[in-house]
**Student:** 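Sharing a structure below in structure tokens format, with a few things to ask.
One is the number of the first residue; the rest follow in order along the sequence.
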Amino acid sequence: MLPGSMHPAPLLALLLLGAEPPGAVQDVPKQLPVGKYMAPSVGPEPRPIGPTGTLGADVYRKRRKALMDRLKTGATLIVNEAKYEGMREGMDFYYLTGIDEPGAALLLDPASPDPEILYLRPLDVERGQWEGERAKLPSQLLENTSGIALVRRADGWLGLGSALMRGCAHGGLNFVGQFVPSPDPKPKVMTYYAEALDRSYACKDKVNDLHDTLARMREVKEPEEIKLMRRAIEHTAAGHARILEVLRPGMREFELKDAVEDAFRRSGSRHLAYDSIVGSGPNGAILHYPKDERRMKEGELVVVDAGAEEQYYATDVTRTYPVSGKFSPEQREIYDIVLKAQAAGIAAAKAGVTPRTLERAVRKVVDDAGYHDAYLHGCCHFVGLQVHDAGDYDAPLPAGAVLTVEPGIYLPQRGFGVRIEDEILITPNGAEVITRAVPKDPDEIERRMQSHRTDAR
């Protein structure tokens with residue numbers, strides 16, 4: 001056989017396997033027929049940019065002005081890093097714009113001829129076929145619906161860099177977000193600011209540390225926000241009411257979870273505020289129980305931590321239910337302690353006290369009952385555009401703040417846990433329990449569950 005030639009057997013194997021023999025020439029592309037309906041009959045339908053909820057552009061314009069009035073000088077960049085799914089984090093951009101466009105950024109510079117600039121991701125026509133059409137710039141529609149006169153394109157540092165370096169001449173760069181500890185990713189705005197400092201002598205040492213400025217603004221809920229939160233609570237109450245109707249021994253945790261979330265949606269909630277937690281028996285003693293596979297048994301408790309949302313405003317409610325429709329004496333004793341602890345925390349809440357005041361009131365009840373080591377978490381967190389919303393936990397509470405009060409006692413050695421969580425609205429003289437429509441009185445829970453079981457017979 002001549003050197004370099006191929007033996008017939010390997011060649012046959014290649015052909016049988018479907019591989020092309022060496023040196024095969026590809027077919028020249030041919031003109032394919034064009035269907036008669038390929039010609040357009042309708043134009044593209046761009047996704048709207050701007051507030052899509054009920055608050056309207058004026059609300060967000062007032063918030064931006066209020067922020068600039070506080071800052072007075074310097075340039076401020078806010079980057080949209082939220083994913084708008086699950087437990088969202090980083091909602092400052094949405095708070096100021098009402099826009100949920102991924103990758104967008106807002107530059108506020110009151111000393112500039114253009115004090116407000118909205119930056120959107122570069123236009124990608126092919127990507128639009130997968131994610132939806134996006135409008136071209138300039139666009140009066142985008143400007144009008146967003147309420148921002150100047151809308152531009154920017155790809156990260158490209159497009160933002162020059163604007164940030166110019167902003168240094170107007171009083172420096174303002175950081176108004178929240179510090180994020182490692183190992184969580186560093187906020188993009190910090191990366192952009194560091195690049196500006198590195199590339200411009202005018203920016204040297206000109207970052208003004210105003211962290212938590214937006215957090216403190218977001219802490220006080222406006223009347224329009226409270227309306228949306230009350231609507232989210234209505235959806236949540238519908239879901240928990242469904243539990244009292246369907247909960248039975250033998251039911252799997254995921255079946256109960258599905259029933260709750262289906263009731264949320266039937267009530268009108270488009271999204272969950274967070275991934276629901278349903279833990280029965282010993283799983284109820286696992287704070288963020290990640291699975292929902294277990295079959296619930298007669299005589300057990302089930303902890304349900306589930307909330308709906310309305311236009312991105314979250315609800316956070318937890319209840320503990322008797323699977324069989326009645327608490328055992330031991331379960332009732334622990335339940336009553338947790339309920340008493342929550343009542344103490346709510347009674348301590350009013351404008352001017354810190355969240356630590358509520359924490360001490362809750363813990364005293366739990367400690368006095370002898371369950372210090374069984375209470376594993378804090379009592380309270382702010383709620384709003386995020387389930388764990390922005391706010392200053394060390395500062396006195398302002399009127400208009402919304403936060404949870406959620407004591408719990410977890411006894412895996414006894415095969416159960418109890419957590420009761422409500423949201424309260426801080427008022428000048430006290431607090432309103434805004435989630436009171438979700439039953440937590442143990443006698444009422446038992447009565448309603450028994451009533452539904454009687455009707456089912």
**Student:** Could you note down all residue pairs passing ring-ring contact (aromatic ring centres under 6.0 Å, His included) where residues 392-412 supplies at least one of them, sequence neighbours left out?
**Tutor:**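 Matches after skipping sequence neighbours: H377-Y410, F382-Y393.
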**Student:** Hey, what do you get for CG (D258) to CZ (R252), rounding to the nearest 0.5 Å?
**Tutor:**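 The distance works out to 12.5 Å.
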**Student:** For R218, is there an ion pair with D92 - N to carboxylate O distance below 4.0 angstrom?
**Tutor:**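 Result for this pair is yes, salt bridge flagged.
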**Student:** What distance separates T236 OG1 from R231 CZ, expressed to the nearest 0.5 Å?
**Tutor:**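 Going from the OG1 atom of T236 to the CZ atom of R231 covers 10.5 Å.
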**Student:** Will you find, in the side chains of D305 and Y289, an N or O donor that is under 3.5 Å from an N or O acceptor?
**Tutor:**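 Side chains of D305 and Y289: no pair found under 3.5 Å.
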**Student:** Do E225 and R63 meet the salt-bridge criterion of a basic N to acidic O distance under 4.0 Å?
**Tutor:**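 The answer is yes: the pair qualifies as a salt bridge.
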**Student:** Does K136 have any salt bridge (Lys or Arg N to Asp or Glu O under 4.0 Å) partners at least two apart in sequence or in another chain, and if so, which?
**Tutor:**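 Result, salt bridge (Lys or Arg N to Asp or Glu O under 4.0 Å) vs K136: none returned.
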**Student:** Atom CG in L173, atom CG in N208: separation rounded to 0.5 Å?
**Tutor:**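 One gets 7.5 Å once the value is rounded to the nearest 0.5 Å.
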**Student:** Step by step, would you call E245 with R242 a salt bridge (Lys or Arg N to Asp or Glu O under 4.0 Å)?
**Tutor:** CA-CA 5 Å; E245 298 174 358; R242 185 62 177 155; 2.6 Å; yes
**Student:** Run R166 and D114 through salt bridge (Lys or Arg N to Asp or Glu O under 4.0 Å) and show every step you take.
**Tutor:** CA-CA 12 Å; R166 286 195 302 271; D114 301 308; over 6 Å; no
**Student:** What's the spacing between K65 NZ and D58 CG if we round to 0.5 Å?
**Tutor:**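 Rounded to the nearest 0.5 Å, the NZ-CG separation comes out at 13.5 Å.
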**Student:** Any ion pair linking E195 and R199 (charged N to carboxylate O, less than 4.0 Å)?
**Tutor:**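 Answer for the salt bridge query: yes.
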**Student:** What I want to check is whether the side chains of E406 and T318 have a donor and an acceptor closer together than 3.5 Å.
**Tutor:**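 No.
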**Student:** Holding to salt bridge (Lys or Arg N to Asp or Glu O under 4.0 Å), I want the full list of residues that pass it with R230, two or more places apart in sequence or in another chain.
**Tutor:**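 Only E432 meet the salt bridge (Lys or Arg N to Asp or Glu O under 4.0 Å) criterion with R230.
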**Student:** Once you round to the nearest 0.5 Å, how far does CZ of R61 lie from OG of S146?
**Tutor:**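 The distance works out to 8.5 Å.
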**Student:** CD of Q140: more than 12 outside heavy atoms within 6.0 angstrom?
**Tutor:**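 No - once you tally the heavy atoms of other residues, nucleotides and ligands closer than 6.0 Å, there are 12 at most.
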